[in-house]
Enquirer: 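First, the structure itself, so that you have it in front of you.
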Amino acid sequence: MGQSMEMVCPEQVGLTEQDKSTICYLAFPDSNAGILGDSQFHFRCHLEGDIRTNSRSQSSIDSYNCQCAPSLQTDQGIFFGYVYFRQIKDRNVRRGYFQKSVVLIARLPFLNVYREILRLVAPEFFDNGRKALDFACKEIDRWAAVRVGNPLSLPLFGHNLCCTIPSLLDGALPGASYPSNLSALPSSTNIPITSIHDFDFIKSFQGFLAHLHVFWELMLCNESLAVIAPTPTACSEFVQCLVWIVWPLKFATDYRPFFTIHDGDFKDYTTKSQAPPRIILGVTNPFFVKTLQHWPHIVKIGDNTDTVDVKESPKVKQPGKLNSSVDLKQGLYSEYKSFLEKDKVLIKRLLKGIQSKRPVEAQSSLIKKYYYELTRSFMIPLERYVSTLMPLLRDISPFKSPPTLRDFDFDEFLDTIAVAGPSLTSGTKGDWAGLYMSFLKSENFHHWFAMKKREINNKLKLVHLQALAEADMEMWMAGKSELELIDLILKTRNCVQAVRMVGETVPTEAIAKLKRSIGKIVDKLPSDLKDLVRNGSLIL
C-alpha cells in the first residue's frame, strides 16, 4: 500500500491529495539502506494547497523577503519538508520494523532551526501521540512574526530556541555566528543556534576536496547535477552545501535535496529524449544510477564520508563510462573542464587539517570563507558595471518620466574584465572571461540582474520625485495650458504612489514641497477645475 498520512496538524491546513502523496513519498528513505534508529533529512518541493495557518503569514513572508539575505529568500509555491524518521525493530509489526516520520512543512530555509524543533517535538510525539503535536502547534502559533536582524527567542516544550536571521545588510558568511539574547534567559533552558541555515561543509565535501572549484563553477552557472548517496541525510546535506557554496548569490533554479522515483517530475527528469533540466537532484535509490546516465554531472557519495585519501583525491570520471552497478565508486562523474585553476593552497590546508584533526567547525569555515570571497570577487565587476548603466543626476528631468537603468550589454561588460576584473581582488588564475560568458547565460545571472534592476529603478523613482519637489514650478507653469497643469498634478500623484508601492519612503520635506507646488498649480486653475481637483482627491 505504500506510505500513508496518519494526521495533519493543525487540521485547517489545506493540503491537496497530490500534496499529501508527495509528502508521504518524501518522508521515507527511497532505498533499503538499513537505517536503524532516528535520522533527520529534508526535502524541497512544489505544493499546490493553501498551507497558510493564519492571516499574517503572507504579509510576514513578503516583509521577510525584502529584508533577509538573498540566499534565504523564499520562492512562490516552494516548500521545505523537514523529516524526523524513526525505524526500529518491532516484533508486533508485520514486517518486523516500526517505521514512522514526523514532517514539518515550512516555506523558510531555516534548516537548523527546524531540525532543533523536530528534535524536541518528534520524540514527544512517539511517546505521547497527537496531543504532543497539538501542544507544539499552539506554542508555535504564539511565536512573534519573523524579525530579520533581531535576536529571536522561540519557546517550545520548556526550552528556548535562540537565533538571529541574517539581514540583507549583514553581508554575512554562510554559517557565521550571530548575536543572540542568551543572557536574558536561564541558561539551562536555552538551545543556541549560531547559524539558522548552514550545514557542515567539511562533512559533505571531505571526499571531494579536489573538486570544490568545479562544484562552485557548476553552481554558479546553474548546471544540471545529480547527487547519488546512500542515505537521505547524506544527499540532502550535500545538495544544500552545493547551493550555499555560491553565497551570497541566490541560487535561482530549482533544487531537490531529496528526490524519489515516485515524484511527479520523475519522467521529465530522467527522459533521454531531451537535455536534463537545470536542477540539482539528491537521490538514494540505486535505480537512478541507470536512469541518470545521460546527465552531464553526477556525484556519487560512498558509504563512508568521514574518510579521505590524503594522497590522491578522486579523479573526474566520464559520464559515458557509467554503468548500472550499485557499487559505483565514490567520485565526480563529469567531462566538465573548469575555467579557473583550483587553489592548491586551500586543498593542502584542508588536508593538513584532516591529518591534524583540526575542529570540523574550523575546516568548514575555511571552505565557506574562501568561496564567499571568491563569489564576491566574481560579482564586484558586475556590480561596478551595472553602476555605469545608471543615468547621471544632471540628466534627470523632473517634468519627464522617471529614468530607468540601461540594458546590460554583454560585450561591453566583457571588455571591462581585462582591466577591472576579479584579478583586482582575487589571486585565483584562469579564464575569467570564459566563466563570465557561461554565467551570463544562466538563471542565476538573470535573476540577480532582474533584482538589481528593480532595486535601482525603484531608487530612481525616488530621485525623480525629489527632483520634482525641488523644481521651480512657477517658471514651468508660464504659458502652460489648463490641460497640461492638470496632467502634471496627476503625474505627481502617480509618482508618489509608485514610490510608496515599491516600499520606498518619501521624505516628509519632499511631500510638503510637492503639496505647495500643487497648491500653486491649483491656484492657476479656473474655479470649476479647482473643485474637480479637490473633490477628485488629486491633492497629495
Side-chain angles (χ1 to χ4, degrees), residues 61-76 148-149 166-172 220 222 246-253 375-417 419-422 424-425 436-437 439-471 491-507 509-511 514:
I61 289 295
D62 293 340
S63 175
Y64 162 81
N65 277 340
C66 292
Q67 302 173 47
C68 71
S71 298
L72 296 178
Q73 291 172 344
T74 65
D75 297 299
Q76 187 66 33
V148 175
S167 72
L168 181 65
L169 301 178
D170 284 334
L220 190 70
N222 297 118
V246 293
W247 183 288
L249 184 68
K250 177 177 172 61
F251 187 80
T253 55
T375 304
R376 288 299 304 143
S377 292
F378 184 82
M379 297 304 296
I380 286 173
L382 289 159
E383 300 267 6
R384 188 184 297 120
Y385 173 71
V386 167
S387 68
T388 68
L389 304 180
M390 296 176 61
L392 299 174
L393 283 176
R394 65 170 181 265
D395 295 332
I396 297 178
S397 172
F399 302 111
K400 294 182 179 180
S401 299
T404 57
L405 195 70
R406 287 196 296 117
D407 290 336
F408 195 106
D409 187 313
F410 290 0
D411 293 332
E412 186 179 63
F413 166 71
L414 291 172
D415 288 341
T416 68
I417 297 304
V419 294
L424 296 178
T425 54
Y436 277 115
M437 290 176 66
F439 175 73
L440 294 176
K441 301 173 186 176
S442 73
E443 188 62 28
N444 278 346
F445 166 74
H446 291 297
H447 179 273
W448 172 82
F449 183 63
M451 295 299 101
K452 184 64 64 175
K453 187 175 183 178
R454 185 175 68 179
E455 175 190 338
I456 292 175
N457 284 343
N458 289 345
K459 294 292 184 184
L460 289 174
K461 289 177 182 178
L462 179 58
V463 172
H464 173 262
L465 190 63
Q466 290 174 321
L468 186 59
E470 298 296 335
K491 286 182 177 179
T492 302
R493 186 193 63 170
N494 291 340
C495 284
V496 172
Q497 290 178 343
V499 170
R500 286 172 173 167
M501 284 180 63
V502 298
E504 296 289 344
T505 302
V506 183
E509 184 180 353
I511 290 293
L514 288 170

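All heavy atoms count here, side chains included; hydrogens, waters and symmetry mates do not. Keep in mind that this is a model prediction, so the values were computed, not measured.
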Enquirer: Side chain to side chain donor-acceptor pair (under 3.5 Å) with Lys400: which residues, sequence neighbours excluded?
Expert: none
Enquirer: Not counting sequence neighbours, which residues clear side chain to side chain donor-acceptor pair (under 3.5 Å) with Asn65? List them please.
Expert: Thr74
Enquirer: Checking Met437 now: which residues fulfil side-chain contact (heavy atoms from CB on, under 4.5 Å) with it, not counting sequence neighbours?
Expert: Leu414
Enquirer: Heavy atoms only: give me the nearest Ser401-His464 pair and the separation to one decimal.
Expert: C-NE2, 4.0 Å
Enquirer: Locate the shortest heavy-atom distance separating Ala252 from Asn444; write the atom from each residue and the value.
Expert: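 Looking at all heavy atoms of both residues, the shortest contact is N-OD1, 2.8 Å.
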Enquirer: Should we count NZ of Lys250 as having more than 12 external heavy atoms under 6.0 Å?
Expert: yes
Enquirer: Treating Tyr436 as the side-chain partner and Leu382 as the backbone partner, does any N or O pair qualify as donor plus acceptor under 3.5 Å?
Expert: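 The answer is no, because no donor-acceptor pair under 3.5 Å joins these two groups.
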Enquirer: So, taking the atom named CG in Leu462 and the one named SG in Cys495, what distance separates them when rounded to the nearest 0.5 Å?
Expert: 11.0 Å
Enquirer: What is the distance from atom SG of Cys66 to atom CD of Gln73, rounded to the nearest 0.5 Å?
Expert: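 One finds 8.0 Å between SG of Cys66 and CD of Gln73.
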Enquirer: Compare all side-chain heavy atoms of Leu72 with those of Pro166 and state whether any distance is below 4.5 angstrom.
Expert: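 Yes, at least one pair of side-chain atoms sits under 4.5 Å.
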Enquirer: Working to the nearest 0.5 angstrom, can you tell me the gap between Phe251 CZ and Leu220 CG?
Expert: 10.0 Å
Enquirer: Which residues pass the side chain to side chain donor-acceptor pair (under 3.5 Å) test with Ser377, not counting sequence neighbours?
Expert: Thr425
Enquirer: Any side-chain heavy atom of Ser442 sitting closer than 4.5 Å to one from Trp448?
Expert: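 A side-chain contact under 4.5 Å is absent here.
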Enquirer: Taking atom CG of Leu514 and atom CG of Leu468, what is their separation to the nearest 0.5 Å?
Expert: 5.5 Å
Enquirer: Got a second to check how far Gln466's CD is from Glu509's CD, nearest 0.5 Å?
Expert: 9.5 Å
Enquirer: Test of understanding: with side-chain contact (heavy atoms from CB on, under 4.5 Å), list the residues that count as partners of Ala471, not counting sequence neighbours.
Expert: Pro398, Phe399
Enquirer: Between Asn457 (side chain) and Thr404 (backbone), is there a donor-acceptor pair under 3.5 Å?
Expert: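 No, because the side chain of Asn457 does not come within donor-acceptor range (under 3.5 Å) of the backbone of Thr404.
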Enquirer: With sequence neighbours excluded, give me every salt bridge (charged side-chain N to carboxylate O under 4.0 Å, His left out) pair touching residues 376-393.
Expert: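 Found Glu383-Lys452.
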Enquirer: Not counting sequence neighbours, which residues clear salt bridge (charged side-chain N to carboxylate O under 4.0 Å, His left out) with Lys459? List them please.
Expert: Glu504
Enquirer: Suppose we screen for side chain to side chain donor-acceptor pair (under 3.5 Å). Which residues come up paired with Thr253, at least two apart in sequence or across chains?
Expert: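 Once residues adjacent in sequence are excluded, the partners of Thr253 under the side chain to side chain donor-acceptor pair (under 3.5 Å) criterion are Asn222.
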Enquirer: Would you give the length of the straight line joining atom CZ of Phe378 to atom CZ of Phe439, rounded to the nearest 0.5 angstrom?
Expert: 5.0 Å
Enquirer: Evaluate the criterion side-chain contact (heavy atoms from CB on, under 4.5 Å) for residue pair Phe413 and Leu389; output intermediate values, then yes/no.
Expert: CA-CA 11 Å; Phe413 166 71; Leu389 304 180; over 6 Å; no
Enquirer: Using the side-chain contact (heavy atoms from CB on, under 4.5 Å) criterion, which residues pair with Phe410? Sequence neighbours excluded.
Expert: Phe408, Leu440, Phe445
Enquirer: Per the side chain to side chain donor-acceptor pair (under 3.5 Å) rule, what does the pair list look like for residues 405-416, sequence neighbours excluded?
Expert: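 Pairs touching residues 405-416 that pass the test: Tyr385-Glu412.
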